[in-house]
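Start at 1 and go down the list; that is how both ligands and their atoms are numbered.
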Amino acid sequence: MTFDPNCDSDSDVTLSWLDKGRIPRHVGCVMDGNGRWAQRRGLPRTDGHSAGESALMDTVYGCLEVGVSWLTVYAFSTENWRRPADEVRYLMNFNESLLMRRKDELDENGVRINFAGRRDWRVPKKVLRQMDESADQTRDNEKLVLTIAFNYGGRAEIIDAVRSLLDSGAKSSDITEKAISKHLYNPDAPELDLVIRTSGEYRISNFLLWEIAYSELVFTDVLWPDFRREDLYKAIYEYQGRNRRFGKIG
Ligand code: IPE
Ligand code: IPE
Ligand code: MG
């Protein structure tokens, strides 16, 4: 395929355009727009959540194809409890059933399933059990770490990190960036290189606040259920055109 920088079609940007030496190591996705996707089709909002499953799987396969080794997806925020009880219930059960349906497939493809978020009393026990089983089953996989941010809030994560530091006996002078990083939910995860938010919203909504300090942000109008690996490649292409300075002159 020939390179056309003026192209405006998502599917025109393909794998072959990407610089294989500069693939982001850690990509985050704010999977937004499920409700609007369903409403536009005259369907209940929850149908939009279930349609998001193929988007997630295709994004995982895209990461495996290009060599992204960490993918973190925002599935349920600490603020999403404010939604109607029916939708919250649906999202809890959906997370469990998606893991039941997909964990063997993810396992066979070398994906480690991992989680970030608060395990509080509001998350049903059976959902937590399925999360633990999926993580256990896939713990030795090394191709891609798929972290599902579930009952996750960036502020809550920072609070939890500081609390755990204090619980370990830290003094105020021990509260450093390094120490906080070590007490995050997944201290071994590299910081995010690229964050993609779908659905045309230009905000972070409490996703990974600490870890995205120097991430490149890419926003797309595509609604999450329509997102496919070509959209991931397009975002990576945009990322590769950015100049990451990390505060230096460059
Ligand atoms: C994202 O889609 C999924 C979750 C927040 C759980 P939404 O449900 O927020 O869809 P919109 O933004 O209302 O279209
Ligand atoms: C962010 O989407 C959370 C997830 C995708 C899980 P929201 O739809 O909850 O965000 P806001 O409310 O539009 O900021
Ligand atoms: Mg939304």
Subject >> Close approach, Q39 and ligand 1, non-hydrogen under 4.0 angstrom >> reply: no
Original post:
If you count the atoms of ligand 1 from 1 in the order shown, which ones are under 4.0 Å from a heavy atom of A75?
Top reply: 6 (C)
**OP:** Using non-hydrogen atoms of the residue, decide whether S199 is closer than 4.0 angstrom to ligand 1.
**Re:** no
Original post:
Is the closest N or O pair between Y74 and ligand 2 shorter than 3.5 Å?
Top reply: no
Subject >> For R36, the ligand 1 atoms whose distance to one of its heavy atoms is below 4.0 Å >> reply: 11 (P), 12 (O), 14 (O)
**OP:** Using distance alone, with no hydrogens and no angle criterion, decide if Q137 and D104 have a side-chain donor and acceptor under 3.5 Å apart.
**Re:** yes
Original post:
Any chance NZ of K171 has more than 12 other-residue heavy atoms, nucleotides or ligands included, within less than 6.0 Å?
Top reply: no
Original post:
Is there a donor-acceptor contact under 3.5 Å linking the side chains of N80 and S77?
Top reply: yes
Original post:
Identify the closest protein heavy atom to atom 2 (O) of ligand 1: which residue and atom is it, and at what distance?
Top reply: N34 N, 3.2 Å
**OP:** Ignoring hydrogens and angles, state whether a donor on the side chain of E191 or Y214 is under 3.5 Å from an acceptor on the partner side chain.
**Re:** no
Original post:
Hey, is ligand 1 close enough to N80 that some N/O pair sits below 3.5 Å?
Top reply: no
Original post:
When rounded to the nearest 0.5 angstrom, what distance separates OH in Y152 from CD in E79?
Top reply: 10.5 Å
**OP:** Indicate yes or no: does an N/O atom of W37 lie under 3.5 Å from an N/O atom of ligand 1?
**Re:** no
Original post:
Hey, which atoms in ligand 2 end up nearer than 4.0 Å to a heavy atom of R203?
Top reply: 11 (P), 13 (O), 14 (O)
Original post:
What are the atoms of ligand 2, with element, lying closer than 4.0 Å to any heavy atom of R83?
Top reply: 7 (P), 8 (O), 9 (O)
Subject >> Check against side-chain contact (heavy atoms from CB on, under 4.5 Å), L106 and K103 >> reply: CA-CA 5 Å; L106 290 166; K103 72 178 169 199; 5.6 Å; no
Subject >> ligand 1 versus R45: contacting region, heavy-atom distance under 4.0 Å >> reply: side chain
Subject >> Between H26 and D193, a side-chain donor and acceptor under 3.5 Å >> reply: no
**OP:** Determine whether Q240 and L18 make a side-chain contact, defined as any pair of heavy atoms from C-beta on separated by less than 4.5 Å.
**Re:** yes
Original post:
N/O of G35 under 3.5 Å from N/O of ligand 1, yes or no?
Top reply: yes
**OP:** Any atoms of ligand 2 less than 4.0 Å from a non-hydrogen atom of F76? List them with their elements.
**Re:** 6 (C)
Subject >> Contact check, side chains of V195 and V218, non-hydrogen atoms, under 4.5 Å >> reply: no
**OP:** Looking at D32, pick out the N, O or S atom nearest to the Mg ion (ligand 3) and give its name.
**Re:** OD1
Subject >> Enumerated ligand 2 atoms positioned under 4.0 Å from heavy atoms of R197 >> reply: 2 (O), 10 (O), 11 (P), 13 (O), 14 (O)
**OP:** Kindly state whether the ring of F115 and the ring of F150 have centres lying under 6.0 angstrom apart.
**Re:** no
Subject >> Part of M31 with heavy atoms under 4.0 Å of ligand 1, whether side chain, backbone, both or neither >> reply: backbone
